[in-house]
Protein chains: 2
Amino acid sequence: MQQPKKTGFQDVRDEVMRRIETRVWDQGALLPTEAELATEFGCARATVNRALRELADRGVIDRKRKSGTRVTALPVKQAKLEIATARRLVEERNATYRYALVSRRMQAAPGWLGSQMGLTPGTEVLHLEAMHYGDGQPFHFEDRWINIAAVPGCAEADFALKPPGEWLLAEVPFSNADVSFTATAADAALADYLACAPGAALFQMERSTWFQDAPVTFARMTFHPGYRMRSRY
Amino acid sequence: MQQPKKTGFQDVRDEVMRRIETRVWDQGALLPTEAELATEFGCARATVNRALRELADRGVIDRKRKSGTRVTALPVKQAKLEIATARRLVEERNATYRYALVSRRMQAAPGWLGSQMGLTPGTEVLHLEAMHYGDGQPFHFEDRWINIAAVPGCAEADFALKPPGEWLLAEVPFSNADVSFTATAADAALADYLACAPGAALFQMERSTWFQDAPVTFARMTFHPGYRMRSRY
DNA sequence: AAGTGGTCTAGACCACCTG
DNA sequence: AGGTGGTCTAGACCACTTT
């Protein structure tokens, strides 16, 4: 009756992590086998396995059959970025969100879009421009292209009230995407939309989205001056 | 003898994912219980549990005791960003990496740094400036501050050859960090270092690092014009 | 009170890798 | 050839949440 709790996989995981952080097991060092750790912690091997599997997912340890488990020598740090809708980003800042459609037209896909999305140039696409505001201040400008063949419903969809990002999220909820971030200088149009000086440095996110290998949409979001995207790891 | 393979947790995971993608189970819909799925797939409940746990980690489904498992209504997409060293980023581009220390001095922490890192202003810190090159072209400028108390060895470390990021990665391998990304206009000094026009739009990453709740370092990396950070989800 | 997911166990077999 | 992690099983008990 001395131990109030049983050893769970989280206990094993945290203790192993502690030993790595405090260099009981240094970088590159070989850990005991699962069976040995199970004996030490007084639990089943499956419990140790789950604990170590989580640490391996985090990149803290490397596991190989026969070789055993080692502390990762030079861990590659990974940050998780939440790709949220403009509405969410604005409301997280306790501001009032507003959306406005700027333009909407069907057109043939230009060449650069074809290579971006892996689309045959000349394919009919829906091109939207829109603005997103927080408390009346420009938040970001959206330049959106949608592959009509992949999402036929978009031809009839009304984007006057609902942002295309939110519409697509409901229509094609589980898609894959390439995303890239860069800095760009405001041209005349962006300066106008975002109420900044031409040439101002703006943070920009571009995203190409696929669903089951079919290109769905390409979006370029250009944020107001001073915008910061944050994350943690 | 009809089935060549056994049903593994990956089979279950993929089949459930397929049913969600094809809207067999629509957004918000309730899935069968683990026990029911185990019967259907002809495997143990633990196998189903692991499959569903992975999908829950991805944010595809929401699980609650008693309520059961539901398809996430509005999934929050997450991108994984690899925070790599400059050397890695450059060599990934098949370019030759070069590093140069620009300045190095001990000083009292300025106020803005104190609030950034959660450090008492006036604490002695090591301030480094350095450049990283790819094939001789400016890659990024590094403005680095290290809390000497947290990493005593840095006072004697030679940063003439080894970049502080790599040195710290070996010294404090398992740290936590806040990271933020923004766009900034080149000032005179940055324009000089990065060989661009003053006012050019530059991509910038800032990172504050802790180890076991103690502030370790703050780094501001300013990249050459046109730099793109990429990811995928 | 009852239903559902969360976790653990003890044992087993397999797949992969290294010597 | 043998050691190590990867996975599955069948059963059990627990924890949380809703009714």
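Chain naming here is simple, since letters A, B, ... match the order of the sequence lines and numbering starts at 1 in each. A quick note: this is a predicted structure, and the numbers were derived from the prediction, not measured. The figures that follow rest on heavy atoms only: side chains count, while hydrogens, waters and symmetry mates do not.
- The side-chain hydrogen bond (donor to acceptor under 3.5 Å, both in side chains) contacts involving residues 59-69 of chain A comprise A:E34-A:R63, A:R63-A:T69, where partners must be two or more places apart or lie in separate chains.
- Less than 4.0 Å separates DNA chain D from at least one heavy atom of each of the following residues of residues 36-56 of chain A: A:R45, A:N49.
- The side-chain contact (heavy atoms from CB on, under 4.5 Å) search around B:K162 returns B:E166, B:W167, not counting sequence neighbours.
- Contacts of B:R18 classified as salt bridge (Lys or Arg N to Asp or Glu O under 4.0 Å), with partners at least two apart in sequence or in another chain: B:E15.
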Using nucleotides 16-19 of chain C, report all nitrogen or oxygen pairs with the protein that are shorter than 3.5 Å.
none

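- On the nucleic acid side, DNA chain D contacts chain A at distances under 4.0 Å to non-hydrogen atoms, with the end points of that region at D:dG2 to D:dT7.
- Other residues, nucleotides and ligands contribute more than 12 heavy atoms inside 6.0 Å of the CG atom of A:D57.
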Show which side-chain atoms of residues 75-82 of chain A pair as donor or acceptor with protein atoms under 3.5 Å away, not counting sequence neighbours.
{"unit_1": "A:K77", "atom_1": "NZ", "unit_2": "B:P173", "atom_2": "O", "d": "3.0"}
{"unit_1": "A:K77", "atom_1": "NZ", "unit_2": "B:S175", "atom_2": "OG", "d": "2.9"}

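- Rounded to an integer number of Å, the gap from B:Q10 CD to C:dA15 P is 13 Å.
- For B:R220, the salt bridge (Lys or Arg N to Asp or Glu O under 4.0 Å) criterion is met by B:D143, B:E206, not counting sequence neighbours.
- Shown here are the side-chain hydrogen bond (donor to acceptor under 3.5 Å, both in side chains) partners of B:Y227, two or more places apart in sequence or in another chain: there are none.
- Taking the salt bridge (Lys or Arg N to Asp or Glu O under 4.0 Å) definition, one finds that A:D135 meets it with nothing, sequence neighbours left out.
- For the salt bridge (Lys or Arg N to Asp or Glu O under 4.0 Å) test, residues two or more places apart in sequence or in another chain that qualify with A:E40 are A:R19.
- Taking the side-chain hydrogen bond (donor to acceptor under 3.5 Å, both in side chains) definition, one finds that A:R144 meets it with A:E142, A:T217, sequence neighbours left out.
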